[in-house]
Amino acid sequence: MKRRTLLSATGAAIVGGALARPGTSMAATYGGYAMAYFTESPTMAAANYGLHLAVSADGLNWTPLNQNNPVATPTLGSRGLRDPFILRKQSGGFAVLATDLNGTDWNYQSQYLHVWDSADLRTFTGYRLLKVHSLATHAWAPEAYWDPGRGQYAVVYSAVTGGHNVLMVNYTSDFVTASAPQTFFDPGYDAIDGDFVSVGGVNYMYFKNNTNSTLLGTRSTSLNPGSFSQYTSGIGPGRGVEAPQIVKSNTADTWFMWGDTWSPNGRFFCWQTSNVAGGAWSLLNDRAYTQPLNSKHPGITPITATELTNLTAKWGAPAWNRIKSYNFPDRYVRHANNVGRIDAYPFDPYQDQLWTLVPGLADSSGVSFRSVNYPDRYLRHSNYALQLAVSDGTSTFRADATFYKAAGFADASWTSFRSYNFPDRYLRHANYVLRIDPITSSSSTTDKQDATFRIGA
């Protein structure tokens with residue numbers, strides 16, 4: 001179950017990947033992005049079905065807001081959401097739509113969507129349920145766009161009719177009441193998670209083929225129900241994928257498409273293209289992007305630089321960091337049985353990868369890594385191996401737990417960590433276990449990559 005996405009309308013200007021609205025965002029210059037999502041993790045330890053927000057300056061590396069806690073929580077229907085979507089409205093401000101489903105009961109029936117209004121994504125008002133059909137089924141992964149020909153918003157979602165999921169549509173001017181539903185797209189097999197974008201006067205919809213868990217692209221010169229036809233083959237990362245989300249770079253003629261997987265649960269992949277019409281997407285290396293912690297089913301919209309600043313000021317950036325490996329960028333520094341190591345994201349306990357970088361215990365100009373879930377413990381080296389331990393108050397412990405940040409050996413925009421008391425040695429991984437070893441500019445490429453990390457959220 002899934003997804004939402006951007007906006008689309010024939011003949012309208014495109015700004016930052018979303019459809020520009022007459023009178024409001026025509027003149028907007030976007031300087032960042034907001035993502036809506038909910039959270040789950042492999043063992044469901046992180047499951048939370050409220051509305052979460054993250055922001056990004058580049059559309060690839062994301063910072064969770066509100067300490068990765070929800071900024072709004074449904075109180076009607078199932079009292080939980082999935083698949084949130086953010087729409088920038090014609091009149092200004094936003095509407096937030098979401099699936100009415102608290103958890104993973106795919107047999108749960110709801111004829112409603114959760115809806116909030118928001119002037120700025122800092123406050124959420126007018127919470128309500130929007131009825132979209134009267135069928136004995138669900139309404140999954142809503143997405144909305146402005147249809148200029150009708151002078152109304154189209155709300156597209158997945159529901160079962162004729163024995164399988166199709167994409168349905170209702171039209172509304174206020175997200176309070178909506179027209180009768182009609183079939184928007186039916187490929188003849190189970191289809192969910194429609195995502196829309198308009199490029200060069202052509203409207204594109206990507207969706208999930210729910211029979212084989214690949215993403216497919218369709219297109220139309222209109223926005224009429226039944227007018228979209230497939231133009232790509234299946235797209236996937238070598239495992240099942242869903243929840244396509246397409247967004248344009250604010251700074252280049254490049255488009256990104258996100259997809260969500262569930263094995264393991266809560267892992268995003270990202271593709272890019274400079275030619276949406278061509279339908280060929282290149283899978284990005286994990287080094288290029290970082291998703292919000294435990295995020296599921298992203299809904300991304302471009303925002304202005306002022307909105308980005310205001311959202312961060314309102315909700316706050318995390319008090320903790322995650323640290324990504326350079327040459328194994330799907331892996332993060334974590335502790336396991338008090339051993340420092342790097343493991344592939346996602347995993348549980350997810351808190352094992354969260355660190356508070358505090359002033360160095362031996363020198364405040366350095367840093368020490370304090371565990372979030374064991375806040376009395378720090379990463380320190382012992383016999384050159386990194387372990388998580390409670391400070392014994394000695395100068396030796398403080399020295400062993402202190403590191404200096406330096407430009408990354410493999411990439412100067414990343415970070416390497418030099419040991420305080422063994423200044424020729426740097427933090428690195430070997431067979432996924434953390435240790436300190438001598439590293440210099442003349443060290444092997446592998447050694448320098450092993451000693452390079454990205455500090456993020």
Side-chain angles (χ1 to χ4, degrees), residues 39-48 52 63-69 264-266 290-295 316-325 328 330-405 415-422 425-436 451 453-457:
T39 58
E40 289 180 343
S41 58
T43 68
M44 292 298 191
N48 185 287
H52 294 68
T63 299
L65 300 179
N66 199 33
Q67 306 302 315
N68 210 33
N69 294 314
N265 192 29
T290 303
Q291 72 182 84
L293 177 66
N294 299 323
S295 50
W320 38 261
N321 290 105
R322 292 191 292 158
I323 303 168
K324 174 187 285 192
S325 166
F328 291 88
D330 63 330
R331 292 177 178 260
Y332 288 79
V333 171
R334 58 93 53 98
H335 62 82
N337 297 318
N338 294 322
V339 174
R341 55 179 294 112
I342 58 170
D343 278 344
Y345 173 88
F347 52 78
D348 280 314
Y350 67 87
Q351 297 94 336
D352 290 355
Q353 68 194 292
L354 306 183
W355 303 96
T356 305
L357 272 61
V358 300
L361 298 183
D363 181 349
S364 61
S365 65
V367 297
S368 293
F369 301 94
R370 186 173 69 200
S371 167
V372 165
N373 53 345
Y374 294 92
D376 61 340
R377 301 184 188 187
Y378 298 82
L379 272 185
R380 59 88 58 96
H381 62 79
S382 178
N383 295 322
Y384 306 131
L386 270 290
Q387 59 185 235
L388 192 70
V390 176
S391 174
D392 59 12
T394 64
S395 59
T396 298
F397 185 98
R398 291 194 295 269
D400 289 349
T402 300
F403 301 84
Y404 294 110
K405 292 191 289 186
T415 302
S416 292
F417 297 95
R418 179 167 59 88
S419 168
Y420 168 82
N421 51 350
F422 290 87
R425 291 176 179 260
Y426 288 78
L427 182 67
R428 61 89 56 89
H429 61 81
N431 295 320
Y432 306 133
V433 177
L434 297 175
R435 54 178 293 110
I436 57 170
F453 301 89
R454 181 184 184 275
I455 303 171

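Here the structure is a predicted model, which is why all the values come from computation and not from measurement. Just so you know, these numbers use all the heavy atoms, side chains as well, and skip hydrogens, waters and symmetry mates.
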query = How far apart are the closest heavy atoms of P292 and R322, and which atoms are they?
reply = C-NH2, 4.0 Å
task = Answer yes or no: is there a donor N or O on one side and an acceptor on the other, between the side chain of T39 and the main chain of A46, under 3.5 Å?
result = yes
query = Is there a donor-acceptor pair under 3.5 Å between the side chain of E40 and the backbone N or O of G266?
reply = no
ask   = Is there a donor-acceptor contact under 3.5 Å from the side chain of R398 to the main chain of G393?
value = yes
ask   = Which heavy-atom pair separates L379 from L388 by the least distance, and what is that distance?
value = N-CD1, 3.9 Å
task = Assess whether atom CG of D376 is packed by more than 12 heavy atoms of other residues, nucleotides or ligands within 6.0 Å.
result = yes
query = Stepwise, does the side-chain contact (heavy atoms from CB on, under 4.5 Å) test hold for H429 with L434?
reply = CA-CA 4 Å; H429 61 81; L434 297 175; 4.0 Å; yes
remark   = dist T63:OG1 -> L293:CG (nearest 0.5 Å) comes out at 12.0 Å
query = Of the non-hydrogen atoms in V372 and W320, which two are nearest, and what is the gap between them?
reply = CG2-CB, 3.8 Å
Smallest separation among heavy atoms of A362 and Y420, with atom names = CB-CE2, 3.6 Å
query = Between atom CG of N294 and atom CD of Q351, what is the distance when rounded to the nearest 0.5 Å?
reply = 8.0 Å
query = If you measure from CD1 on I455 to OG1 on T415, what distance do you get to the nearest 0.5 Å?
reply = 4.0 Å
message = By the definition side chain to side chain contact (heavy atoms under 4.5 Å, CB included), identify the one residue from Q353, R331, R334 that meets it with I342.
response = R331
message = With no hydrogens and no angle check, just 3.5 Å: does a side-chain donor-acceptor pair link Y374 and N338?
response = no
inquiry  = Looking at D392 and T394, would you say the former's side chain and the latter's main chain have a donor-acceptor pair under 3.5 Å?
reply    = yes
inquiry  = Assess, by modelled atom type and distance only, whether the side chains of T402 and D363 contain a donor and an acceptor separated by less than 3.5 Å.
reply    = no
query = Is a donor on one side and an acceptor on the other found under 3.5 Å between the side chain of S368 and the backbone of A401?
reply = yes
remark   = Note: S41 and N265 closest approach over all heavy atoms is O-ND2, 3.6 Å
query = Is a side-chain donor or acceptor of S416 paired with a backbone partner of A451 at a separation under 3.5 angstrom?
reply = yes
key: Closest non-hydrogen atom pair between F397 and V390, with its separation   = CE1-O, 3.4 Å
query = When rounded to the nearest 0.5 angstrom, what is the spacing between CD1 in I323 and CG in L357?
reply = 5.0 Å
ask   = Backbone N or O of A457 within a donor-acceptor pair of the N321 side chain at under 3.5 Å?
value = no
message = side-chain contact (heavy atoms from CB on, under 4.5 Å) for R418 and R425? Distances and angles first, verdict last.
response = CA-CA 6 Å; R418 179 167 59 88; R425 291 176 179 260; over 6 Å; no
message = Distance check, rounded to the nearest 0.5 Å: N373 atom CG versus Y350 atom OH?
response = 9.5 Å
message = For A317, is there any backbone N or O sitting under 3.5 Å from a side-chain donor or acceptor partner on Q67?
response = yes
ask   = Out of L354, V358, L361, which one pairs with R370 under the side chain to side chain contact (heavy atoms under 4.5 Å, CB included) rule?
value = V358
task = Among Y426, W355, Y404, F369, find the one that has a ring-ring contact (aromatic ring centres under 6.0 Å, His included) with F417.
result = F369
inquiry  = Run F328 and Y432 through ring-ring contact (aromatic ring centres under 6.0 Å, His included) and show every step you take.
reply    = CA-CA 9 Å; F328 291 88; Y432 306 133; 5.4 Å; yes
key: Contact check, side chains of V433 and R341, non-hydrogen atoms, under 4.5 Å   = yes
task = Would you give the length of the straight line joining atom NE2 of H335 to atom CG of L386, rounded to the nearest 0.5 angstrom?
result = 12.5 Å
request  = Report yes if the side chains of T290 and Y345 come closer than 4.5 Å at any heavy-atom pair, otherwise no.
outcome  = no
